[in-house]
Trainee: 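The structure's right below; bear with me while I get my questions together.
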Amino acid sequence: MPRRGTCQNRNLRAGSQDDKVPLLHGGLRAEAPADKQALITDLFEKITLYDVKTTGVTSTRRIDGRWDVTVTVDARKLYADGEGVETASPLNEVFDVGLFTAEPGKGAFNEDDVVLLERRPIRSGVQTLRFITTRERRFAGVDPFNKWIDRDSNDNVQAVSAG
């Protein structure tokens, strides 16, 4: 049995956590498919910020009893240089977008309050997302569970207004 604190894998160096980050980064880069390389850059090589917000949500009852829901999103991606200077970068990521009967993160919110949760491509600028649901919803938004590093996560979800 090896001594405690020794490294079993000869490809890994023993040492501080700082020594292990480049190994993790390099290992991920080597194993990741081409479509994930930009994500690795954003996570390990740059200070990446997102500014995504829901700017409008409307809902209209259809003749068949279902609901047409329109969610308007304004989004951008920024790189910070560590000195406070931010530079815009094209955003082309997949985000969670959800429709809810209660506001996520507030009060007694639970899984029964989720009407719909889909992963949708989000790009820089204003875009309109459309959904058809069978249940009435009261809130909708992009990145509703705040998984991304967002400049203001309080503007991701908005109450639904009648269309």
Trainee: Do V160 and T58 have side chains that get closer than 4.5 Å, going by heavy atoms?
Mentor: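 Answer no - side chains too far apart.
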Trainee: Report the C-alpha distance between K147 and D96 in whole Å, list the side-chain angles of each, state the deciding distance to 0.1 Å, and finish with yes or no for side-chain contact (heavy atoms from CB on, under 4.5 Å).
Mentor: CA-CA 9 Å; K147 294 179 181 178; D96 290 337; 2.8 Å; yes
Trainee: Answer whether the closest heavy-atom distance between the side chains of I132 and V69 falls below 4.5 Å.
Mentor: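 No, too far: nothing below the 4.5 Å cut-off.
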Trainee: Is V52 close to D150 at the side-chain level, that is, under 4.5 Å between some pair of heavy atoms?
Mentor: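 With C-beta onward as the side chain, the pair touches.
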Trainee: List the atom of T54, the atom of V142, and the distance in Å for their closest heavy-atom pair.
Mentor: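 Result for this residue pair: OG1-N, 3.3 Å.
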Trainee: Would you check if the side chain of E45 reaches a backbone N or O of L43 as a donor-acceptor pair within less than 3.5 Å?
Mentor: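 No.
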Trainee: Could you grab the distance from atom OH of Y50 to atom CG of D42, nearest 0.5 Å is fine?
Mentor: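 If I round to the nearest 0.5 Å, the distance is 4.5 Å.
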Trainee: Which atom pair, heavy atoms only, marks the closest approach of R120 to F131?
Mentor: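 Smallest heavy-atom distance, with atoms named: NH2-CE2, 3.1 Å.
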Trainee: So does K53 pair up with D152, basic N to acidic O under 4.0 Å?
Mentor: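 Between D152 and K53 there is no salt bridge, as every charged N stays at least 4.0 Å from the carboxylate O atoms.
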Trainee: Kindly compute the distance separating CZ (F100) from CD (E111), expressed to the nearest 0.5 Å.
Mentor: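 That separation rounds to 12.5 Å.
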Trainee: Quick check: closest heavy atoms across E136 and V115, and the distance to 0.1 Å?
Mentor: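 Scanning both residues, the minimum pair turns out to be O-CG2, 4.0 Å.
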Trainee: To the nearest 0.5 angstrom, please state how far the CD1 atom of I149 sits from the CG atom of D51.
Mentor: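 The CG atom of D51 is 13.5 Å from CD1 of I149, to the nearest 0.5 Å.
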Trainee: Compare every heavy atom of K36 with every heavy atom of A32, then report the nearest pair and how far apart it is.
Mentor: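 Heavy atoms of A32 and K36 come nearest at CB-CB, 4.1 Å.
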Trainee: Do the non-hydrogen side-chain atoms of V57 and S161 ever get within less than 4.5 Å of each other?
Mentor: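 No, too far: nothing below the 4.5 Å cut-off.
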Trainee: Examine distances only and state if a side-chain atom of N156 and a backbone atom of D143 form a donor-acceptor pair shorter than 3.5 Å.
Mentor: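 It does hold such a pair.
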Trainee: Going through the distances and angles, do K77 and E93 end up as a salt bridge (charged side-chain N to carboxylate O under 4.0 Å, His left out)?
Mentor: CA-CA 10 Å; K77 178 165 109 174; E93 309 284 347; 3.5 Å; yes
Trainee: Just verifying a value: how many Å separate D113 CG and R138 CZ, rounded to the nearest 0.5 Å?
Mentor: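 If we round to the nearest 0.5 Å, D113:CG and R138:CZ are 9.0 Å apart.
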Trainee: Is any side-chain heavy atom of R29 closer than 4.5 Å to one of T41?
Mentor: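 Side-chain contact under 4.5 Å: yes.
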Trainee: So, S89 and R76: side-chain donor and acceptor under 3.5 Å apart, yes or no?
Mentor: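 No, R76 and S89 have no side-chain donor paired with an acceptor closer than 3.5 Å.
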Trainee: For the residue pair K46 and Y79, would you count it as a cation-pi contact if the rule is NZ or CZ under 6.0 angstrom from the ring centre and within 45 degrees of the ring axis?
Mentor: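 Yes, a cation-pi geometry.
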Trainee: What distance do D112 atom CG and T101 atom OG1 have between them, rounded to the nearest 0.5 Å?
Mentor: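 Interatomic distance, D112 CG to T101 OG1, rounded to 0.5 Å: 8.0 Å.
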Trainee: If you count the non-hydrogen atoms of other residues, nucleotides and ligands that lie under 6.0 Å from CG in L39, is the total more than 12?
Mentor: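 Count over threshold, so yes.
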Trainee: Answer yes if V71 and L116 sit in the same cluster of Ile, Leu, Val, Met, Phe, Trp and Tyr residues linked by side chain heavy atoms under 4.5 Å apart, and no otherwise.
Mentor: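 Yes, one cluster joins them.
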Trainee: Hey, does L129 have a side-chain heavy atom less than 4.5 Å from the side chain of V73?
Mentor: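 SC-SC contact between V73 and L129 confirmed.
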Trainee: Can you hop from W148 to I47 via hydrophobic side chains spaced under 4.5 Å?
Mentor: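 No; tracing contacts between hydrophobic side chains, which count when under 4.5 Å, never links both residues.
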Trainee: Ignoring hydrogens, what is the shortest heavy-atom contact between A140 and L99? Give both atom names and the distance.
Mentor: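 Heavy-atom minimum between the residues: CB-CD2, 3.4 Å.
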Trainee: Short question: side chain of S124, backbone of L91 - any donor-acceptor pair under 3.5 Å?
Mentor: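 Yes: the side chain of S124 pairs with the backbone of L91.
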Trainee: Starting at CZ of F109, measure out to CZ of F145 and round the result to the nearest 0.5 Å.
Mentor: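 Nearest 0.5 Å value for the CZ-CZ distance: 4.5 Å.
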Trainee: Main chain of G98, side chain of E118: is a donor-acceptor contact present, judged purely on distance under 3.5 Å?
Mentor: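 No.
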Trainee: Minimum heavy-atom separation for L78 and A88, please, with both atom names.
Mentor: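 It is CD2-CA, 3.8 Å.
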Trainee: Under 6.0 Å from the ring centre and within 45 degrees of the ring axis: does the NZ or CZ of R137 meet both conditions for the six-membered ring of W67?
Mentor: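 Positive - R137 is close enough to the ring of W67 and near enough to its axis.
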Trainee: By the definition salt bridge (Lys or Arg N to Asp or Glu O under 4.0 Å), identify the one residue from R130, R62, R61 that meets it with D68.
Mentor: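 Among R130, R62, R61, the one that satisfies the salt bridge (Lys or Arg N to Asp or Glu O under 4.0 Å) with D68 is R62.
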